[in-house]
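Heavy-atom basis, side chains included; hydrogens, waters and symmetry copies ignored.
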Amino acid sequence: MRTPTYTLPRALQQRTIGNVETGEIFYLPSHCVYLQEKTQTLWLDDRDQLPKHAAKPTKLLGQVGILCDIIANDHGNILRGYVADCRFVKDGNEFDAIPEELPVDDDEVRYFLDLQSHLIPIDALIAKNGIARTSTTMLGDKRFFASLTPLIKHTNKLRKSMDKKYRKELAHLARKA
């Protein structure tokens with residue numbers, strides 16, 4: 001078999017979580033984010049394809065905003081990481097759980113080991129806390145907290161745009177009634 005002598009342009013490549021560009025913001029349904037129940041940490045599968053409207057979802061409820069970013073650690077090494085905006089996720093039951101123990105069935109063991117080899121951590125996140133869920137908190141690696149700022153601003157801007165569109169639609173329906 002001959003090997004092609006070209007590489008597909010970025011626009012034609014499959015878009016996966018693992019190959020997003022640094023600084024890129026996208027949104028995933030919460031069931032595409034994995035919860036490690038033992039450690040209460042969130043993870044992504046680097047093979048998961050990005051949804052068609054990942055950059056601009058039609059709704060925010062149940063969506064997790066993700067930003068891929070790079071930072072320099074104390075030793076000058078570059079770290080690539082992911083941060084998440086979980087303010088629009090109702091509760092942890094919306095995440096897909098990572099099995100705690102090695103399954104017994106051979107097919108499930110293969111799936112489990114394959115998944116484990118492709119999981120990447122969410123390094124920092126913002127989420128609503130408390131019973132009333134009126135305040136927010138940032139969790140995770142403090143070195144990535146600054147990376148949350150552009151994600152939060154982008155999500156807030158998207159939410160305002162959606163609210164404005166919704167109000168226009170309601171006004172239009174009210175005039176028709």
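The shortest side-chain heavy-atom distance between Arg159 and Phe88 falls under the 4.5 Å cut-off. At least one side-chain heavy atom of Ile66 sits under 4.5 Å from a side-chain heavy atom of Ile122. Side-chain contact between Leu60 and Thr155: present, with at least one pair of heavy atoms (C-beta onward) separated by less than 4.5 Å. Under the 4.5 Å side-chain criterion, counting only non-hydrogen atoms from C-beta, Leu125 is not in contact with Met138. Residues His118 and Leu115 have side chains not in contact (no heavy-atom distance under 4.5 Å, counting atoms from C-beta outward). Using a 4.5 Å cut-off on side-chain heavy atoms (C-beta onward), Ile120 and Ile17 make contact.
Distance CD/Gln116 to OH/Tyr111: 10.0 Å, rounded to 0.5 Å. Taken from OG1 in Thr137 to NZ in Lys128, the straight-line distance is 13.5 Å, to the nearest 0.5 Å. Note that SG of Cys86 is 12.0 Å distant from CG of Asp91, once rounded to the nearest 0.5 Å.
In terms of hydrophobic clustering, with Ile, Leu, Val, Met, Phe, Trp and Tyr side chains grouped at heavy-atom distances under 4.5 Å, Trp43 and Tyr82 are assigned to different clusters. The same ILVMFWY cluster, assembled from side-chain heavy atoms under 4.5 Å apart, contains both Val64 and Phe26. Ile25 and Met162 fall within the same hydrophobic cluster, defined by Ile, Leu, Val, Met, Phe, Trp and Tyr side-chain heavy atoms under 4.5 Å apart, directly or through other members. Under the 4.5 Å side-chain heavy-atom criterion for Ile, Leu, Val, Met, Phe, Trp and Tyr, Phe95 and Ile98 are members of distinct hydrophobic clusters. In the hydrophobic clustering of ILVMFWY residues, with side-chain heavy atoms under 4.5 Å counting as a link, Leu79 and Leu67 come out together.
Closest heavy-atom contact between His31 and Asp96: O-CB, 3.5 Å. Of all heavy-atom pairs between Cys68 and Val20, the closest is CB-CG2, 3.6 Å. In terms of heavy-atom proximity, Gln63 sits nearest to Pro57 at OE1-CB, 4.3 Å. Gly81 and Asp123 make their closest contact through CA-OD2, 3.0 Å (heavy atoms, listed as atom of the first residue, atom of the second, distance). Shortest non-hydrogen contact noted between Leu44 and Val33 is CD2-CG2, 4.0 Å. The shortest heavy-atom contact between Gln14 and Asn19 is O-ND2, 2.9 Å.
Inspection of the Ser135 and Asn129 side chains reveals an N or O donor paired with an N or O acceptor under 3.5 Å.
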Using atom types as modelled, flag every donor-acceptor pair under 3.5 Å from a side chain in residues 141-153 to any protein atom, sequence neighbours excluded.
{"unit_1": "Asp141", "atom_1": "OD1", "unit_2": "Arg143", "atom_2": "N", "d": "3.0"}
{"unit_1": "Asp141", "atom_1": "OD1", "unit_2": "Arg143", "atom_2": "NE", "d": "3.1"}
{"unit_1": "Asp141", "atom_1": "OD2", "unit_2": "Arg143", "atom_2": "NE", "d": "3.3"}
{"unit_1": "Asp141", "atom_1": "OD2", "unit_2": "Arg143", "atom_2": "NH2", "d": "2.8"}
{"unit_1": "Ser147", "atom_1": "OG", "unit_2": "Asp69", "atom_2": "OD2", "d": "2.6"}

Exercise. Go through Leu35 and Glu94 one step at a time and tell me if the side chain to side chain contact (heavy atoms under 4.5 Å, CB included) criterion holds.
Key: CA-CA 9 Å; Leu35 170 66; Glu94 292 188 36; over 6 Å; no

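Salt-bridge formation is detected for the pair Asp107/Arg110: a Lys NZ or Arg NE/NH1/NH2 atom is positioned less than 4.0 Å from an Asp or Glu carboxylate oxygen.
The environment of Glu169 atom CD is dense: over 12 non-hydrogen atoms of other residues, nucleotides or ligands sit within 6.0 angstrom.
For the salt bridge (Lys or Arg N to Asp or Glu O under 4.0 Å) condition, the pairs that include at least one residue of residues 25-46, sequence neighbours left out, are Asp45-Arg47.
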